[in-house]
Enquirer: 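Take a look at this one; I'll ask things after.
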Number of protein chains: 2
Amino acid sequence: MELTDRKKQILKVVIEDYIHTAEPVGSKTIAAEMGGKISSATIRNELADLVELGYLEQPHTSAGRVPSPKGYRLYVNELMEQQRLSLAETERINQSLQMKMEELDRVISQAGKAVSAFVNYPAYITAAGRKKTVARRFELLPVDEHSCIVVMMLGDDRVKSQLLRLQLKVEPEQMPGLVNLLNTNFTGISVDEMNLRLMDLSEQVTPQLFLLLSQTVAYAVDVLEEAGQREIVTAGAKELLKLPEFRDADKAHQLMSFLADSKESLPMPEEGPMKILIGPENVSEALQNTSVVVASYDIGGDMRGLIGVVGPTRMDYASVAARLAGFADGLTRMFGKQEGLPPKEDTKT
Amino acid sequence: MELTDRKKQILKVVIEDYIHTAEPVGSKTIAAEMGGKISSATIRNELADLVELGYLEQPHTSAGRVPSPKGYRLYVNELMEQQRLSLAETERINQSLQMKMEELDRVISQAGKAVSAFVNYPAYITAAGRKKTVARRFELLPVDEHSCIVVMMLGDDRVKSQLLRLQLKVEPEQMPGLVNLLNTNFTGISVDEMNLRLMDLSEQVTPQLFLLLSQTVAYAVDVLEEAGQREIVTAGAKELLKLPEFRDADKAHQLMSFLADSKESLPMPEEGPMKILIGPENVSEALQNTSVVVASYDIGGDMRGLIGVVGPTRMDYASVAARLAGFADGLTRMFGKQEGLPPKEDTKT
DNA sequence: CTTTAGCACTCAGGAGAAAAGAGTGCTAAA
DNA sequence: TTTAGCACTCTTTTCTCCTGAGTGCTAAAG
């Protein structure tokens, strides 16, 4: 038996109906929705075929049909109509991204909330550099005898700085030497190498200078390690509670716990502008009954971010995909504009 | 009719039982729990009195009794036994706060999560300075002809920095003058004054210098404004779903929306180390059926933070209060230790 | 005057049974 | 191949009845 066009037609109607009602769809409804040209009996025959082919499922003998993951997959691949956002909507999306360019963290978390609010599903978002960042330049600004400010410029143009309380007194004259030491030995290398380099130097400089040096390097290592971590922010988990499939508090709790605690295992596709994972296509146990739509956006430099939306398998793929694409665009454009202005992130203490 | 000691005794038993079972408490249970010295009939008489006095309520004629807000209030004020945390528990709390002293934001959000996980209720946390921060010192580090690094030291010892793309070329020789201008004119004053000062200077310096100046000051204003904002982080909203009173998805959704969106209206008592707000004592509509326990902690300097826990009115006040106090202590101690080390927060871009 | 036993009464919640309704699958005719 | 017709299946809803926890009152005992 093969998948005729009419079968696909019917599958599409079933899915789109089910997406909105969350109720099994019956033959009569379908017939009506298809313009009444074909009788419900014919539809029934087709439905039986679609079940046999694995695109639909039947909760119990005398209920309507529900799409299977395989059905959704076909829908997403072939049947779904690319949805265009209205101008007004695009406008609203961009407006929600209109914020003062603050720290990356904050922008990201804002955007995550906006996405979630737009699609009415929980969302997650992250920004991650592809390469490890290195230090590019150090500066030390004396404050008083026991403290100075370390300023550190990273490979990706971010600047981090902090007040450093020194464990011992330092003469201002020593500073230039120290800075020089830092810039010649600790720029452009990885954290591991930094630690090695520090050990090497331990015998070449005075103990006093070494103490200062290691304090500064320790700070640098902290910063670089933190910069390398991809932080994942989730937003709008509460949206789940509106969905009939999560009215059961236990189910909702389970998924919300997963979203809150196991962020690392959220889908993070390596490539492509958009990826849709349906039900069992997800690796994580907790996502077996949910679908995930992920889009990527550019932050400039070698940075790239991901925004994802989590919902039930019957989520409104067309709408979510369109909006997510809108956001990805908006973010890319937003970071693009910043090119030549404060780069990606802000410094830290 | 007056509130005898025995009545208080009984009230206490009712409340403590109800806290754990969430079921109306009957006279027999109470009699048993009080050691069987008094018969259930006597208890019934007392219960009737307690209802009349407004400390208890009766869901329907033939159900047990449930504490009223007034009852909880009495319990919290007089009846509740100060709970002491076990050493192990204190240990665990402190351990959960054992983290690298990173940016304040991050510490706060971590601590919020920890609190929520400990008490099994949603928590919120914030850190707020009492006074407005000012800039204390500026530095500019040239990078290339079109960019330099602004470093800014705040009144509370934090350091913020960012790479600034300049709208026009600058000779390195101009830098010292600019820095001097900044340090003499823009330190120690409020944001409003900064803007005024900038206008004044517009006529006194060359247009080119003024452009640079305003770019830098704009950055400073951004930083100071952000520093003045109290950010409120909420954590563990999902805990609600475990409670019988929020098994109803709508109720849970309502409160979670409130926690996510209307953070400003969460109780922020101005003084006292700990405050308990029961049901209708809360101002916010959405909190009418919940209780809130808030504790404050010191961050050093003129900074003070608040941690709060939101739960049903039947929340385990004794336990929550004890743990919250433990966390407040832990945080205060933690920030105290940092005295003389990196002060409160980290810099921003 | 307080406490207690006894007892009728109330009412929410659960178990079943019955009815309703939606939808199917099959048969036979168009 | 499509369609009308119809019996059948199974969930969902409604209703009724029953159970049991818990009360409030009365009357006796302390």
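Scope of the values below: all heavy atoms of this structure, side chains included, with no hydrogens, waters or symmetry mates. Chain naming here is simple, since letters A, B, ... match the order of the sequence lines and numbering starts at 1 in each.
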Enquirer: Tell me if the side-chain of B:Ser62 makes a donor-acceptor pair with the base of C:dT10, cut-off 3.5 Å, by modelled atom types.
Expert: yes
Enquirer: Can you list the steps and then say if B:Leu47 with B:Val51 is a side chain to side chain contact (heavy atoms under 4.5 Å, CB included)?
Expert: CA-CA 6 Å; B:Leu47 286 178; B:Val51 169; 5.5 Å; no
Enquirer: Are A:Glu81 and A:Lys12 within salt-bridge range, i.e. N to O under 4.0 Å?
Expert: yes
Enquirer: Using a cut-off of less than 4.0 Å, is there contact between a side-chain N or O of A:Ser27 and OP1 or OP2 of C:dT24?
Expert: yes
Enquirer: NZ of A:Lys28 versus C1' of C:dG21: gap in Å, rounded?
Expert: 10 Å
Enquirer: Tell me which nucleotide, if any, is Watson-Crick or G-U wobble paired with D:dT11 when both distances must be under 3.5 Å.
Expert: C:dA20
Enquirer: Taking the nucleotide of DNA chain C with the nearest heavy atom to each, does A:Ala48 or B:Thr42 sit closer to the 5' end?
Expert: B:Thr42
Enquirer: Near B:Glu281 CD, under 6.0 Å, is it more than 12 heavy atoms from other residues, nucleotides or ligands?
Expert: yes
Enquirer: Taking any strand in view, what nucleotide pairs with C:dA29 in a Watson-Crick or G-U wobble way, both distances under 3.5 Å?
Expert: D:dT2
Enquirer: Over how many whole Å does the gap from A:Asp49 atom CG to C:dT24 atom C1' extend?
Expert: 14 Å
Enquirer: Counting only side-chain nitrogens and oxygens, does B:Arg65 get under 4.0 Å of the OP1 or OP2 atom of D:dG24?
Expert: yes
Enquirer: Could you pick out which residue, A:Ala41 or A:Pro24, lies toward the 5' side of DNA chain C when each is mapped onto its nearest nucleotide?
Expert: A:Pro24
Enquirer: What is the separation between atom CD1 on B:Ile43 and atom P on C:dT4, rounded to the nearest whole Å?
Expert: 9 Å
Enquirer: Looking at side-chain heavy atoms only, is the closest gap between B:Met315 and B:Val293 below 4.5 Å?
Expert: yes
Enquirer: Under 4.0 Å: is that the gap between some side-chain N or O of B:Gln58 and OP1 or OP2 of D:dG24?
Expert: yes
Enquirer: Rounded to the nearest angstrom, tell me the gap between atom CD in B:Glu23 and atom C1' in D:dT23.
Expert: 17 Å
Enquirer: Provide, to the nearest angstrom, the distance between the NE2 atom belonging to A:His60 and the P atom belonging to C:dG23.
Expert: 10 Å
Enquirer: Mind calculating the distance between CZ (A:Arg44) and P (D:dA7) to the nearest angstrom?
Expert: 14 Å
Enquirer: Less than 4.0 angstrom between a side-chain N/O of B:Ser39 and OP1 or OP2 of C:dT3, yes or no?
Expert: no
Enquirer: Atom NZ of residue position A:Lys275 - does it have more than 12 heavy atoms of other residues, nucleotides or ligands inside 6.0 Å?
Expert: no
Enquirer: Expressed in angstrom and rounded to an integer, what is the separation of A:Asn45 atom CG from C:dG23 atom P?
Expert: 17 Å
Enquirer: A:Leu50 CG to C:dG25 P: how many Å, rounded?
Expert: 12 Å
